[in-house]
Amino acid sequence: MNTKIIVKETAARGRRINATPESDIPEEVKLEVKREETETHRKRRGKVFAIIGTVLVWLPLLFPIYSYIASPSVGIDLPFAMYPFLILRSQFWAILGGLFLYLGARATNTLRKPIGWLTIVMFVVLFTTSLASSKYTVSVDPSSIPAFVVYGMIISQILTLLCMLALNVFSVLLLKRIYKKAPVSPEISEPTV
């Protein structure tokens with residue numbers, strides 16, 4: 001081919017054409033897909049947190065039951081009145097489970113407030129009780145402890161037990177709401193003539 005290409009240098013006029021390659025997918029669709037992916041990731045993370053929190057919240061109740069079942073085989077008889085004290089002994093696990101439950105409830109956007117408030121109340125009661133009881137150790141004569149301190153400790157233990165039981169109930173409710181089955185749509189049946 002013997003064609004000659006002639007190039008003339010002239011000043012550019014008007015707007016320059018955008019020569020960048022464009023995607024066939026609109027930007028709104030990309031943003032919606034990304035939002036759905038983050039939403040499913042957040043809900044999956046919420047389910048994991050809810051399961052971990054439920055296990056940790058139920059540990060303080062299940063451990064004393066196990067100890068009552070296993071204690072006669074070892075030859076130790078535990079009185080039934082020890083059951084609440086064994087539960088209170090492991091209340092740290094319930095607070096940690098309440099924190100995981102709150103994270104799971106926040107990620108799935110269900111039951112955030114009751115679980116969060118119960119966990120905060122349990123932590124504050126544990127903290128104030130430990131501060132109040134740290135003054136009175138084993139070496140102190142029990143008759144020298146003021147009555148209001150003893151009543152305050154009893155009330156705080158009862159409040160902690162009630163909060164732990166409420167967290168157990170809310171953990172089951174949270175799992176039911178997270179793992180609820182999708183409603184089955186009734187199929188439209190053809191009327192028989």
Side-chain angles (χ1 to χ4, degrees), residues 31-71 76 78-138 145 148-183:
L31 290 174
E32 184 66 27
V33 168
K34 187 174 182 179
R35 188 190 63 78
E36 287 176 2
E37 286 176 358
T38 57
E39 184 75 21
T40 56
H41 179 67
R42 185 176 60 87
K43 285 191 176 186
R44 191 177 317 132
R45 187 178 63 226
K47 289 179 181 180
V48 170
F49 281 148
I51 291 171
I52 292 171
T54 302
V55 169
L56 289 175
V57 163
W58 279 94
L59 273 179
L61 288 179
L62 297 179
F63 173 69
I65 292 173
Y66 169 75
S67 65
Y68 276 113
I69 292 171
S71 64
I76 301 171
L78 292 175
F80 189 72
M82 287 296 293
Y83 187 71
F85 294 106
L86 287 175
I87 292 173
L88 289 172
R89 178 82 175 157
S90 56
Q91 66 185 342
F92 170 74
W93 296 109
I95 293 173
L96 188 63
L99 179 65
F100 276 107
L101 275 178
Y102 175 71
L103 292 175
R106 185 171 176 178
T108 57
N109 203 15
T110 55
L111 297 173
R112 289 179 304 166
K113 289 182 181 179
I115 291 174
W117 281 112
L118 283 171
T119 305
I120 289 172
V121 166
M122 279 181 53
F123 179 75
V124 168
V125 167
L126 172 70
F127 186 71
T128 55
T129 304
S130 64
L131 284 179
S133 65
S134 65
K135 185 177 180 182
Y136 305 104
T137 59
V138 178
I145 300 174
F148 71 92
V149 173
V150 174
Y151 292 138
M153 288 185 186
I154 291 171
I155 289 171
S156 69
Q157 288 178 352
I158 291 171
L159 185 64
T160 303
L161 279 173
L162 290 176
C163 285
M164 288 170 72
L165 291 174
L167 268 179
N168 288 328
V169 170
F170 280 121
S171 69
V172 172
L173 286 175
L174 180 66
L175 287 179
K176 281 181 77 173
R177 287 189 184 180
I178 290 175
Y179 289 105
K180 67 180 175 184
K181 294 182 181 178

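Since this is a predicted model, take the numbers as computed values, not measurements.
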Answer yes or no: is there a side-chain heavy-atom contact under 4.5 Å between [X] and [Y]?
X: L167; Y: M122; value: yes
X: L174; Y: F170; value: no
X: L56; Y: L101; value: no

Nearest heavy atoms of [X] and [Y], plus distance in Å:
X: Y102; Y: G116; value: CD1-CA, 3.7 Å
X: A107; Y: G46; value: CB-CA, 3.5 Å
X: A105; Y: I115; value: CB-CD1, 4.1 Å
X: I178; Y: K47; value: CG2-CG, 3.2 Å
X: L175; Y: A50; value: CD2-CB, 4.0 Å

Side chain to side chain donor-acceptor pair (under 3.5 Å) partners for [X], two or more places apart:
X: T128; value: none
X: T54; value: none
X: T119; value: none

Expected output: side-chain T38 to main-chain R35 donor-acceptor under 3.5 Å: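 Flag set: sc T38 to bb R35 pair under 3.5 Å.
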
Supply the atom-to-atom distance [X] [atom1] to [Y] [atom2], rounded to the nearest 0.5 angstrom.
X: T160; Y: M153; atom1: OG1; atom2: CE; value: 12.0 Å
X: T108; Y: F49; atom1: OG1; atom2: CZ; value: 11.5 Å
X: E39; Y: N109; atom1: CD; atom2: CG; value: 8.5 Å
X: E37; Y: E32; atom1: CD; atom2: CD; value: 11.0 Å
X: I95; Y: I120; atom1: CD1; atom2: CD1; value: 11.5 Å
X: L59; Y: Q91; atom1: CG; atom2: CD; value: 14.0 Å

N168 and V172: CA distance, side-chain angles, deciding distance, side-chain contact (heavy atoms from CB on, under 4.5 Å) verdict: CA-CA 7 Å; N168 288 328; V172 172; over 6 Å; no

Flag if over 12 foreign heavy atoms under 6.0 Å of OH, Y179: yes

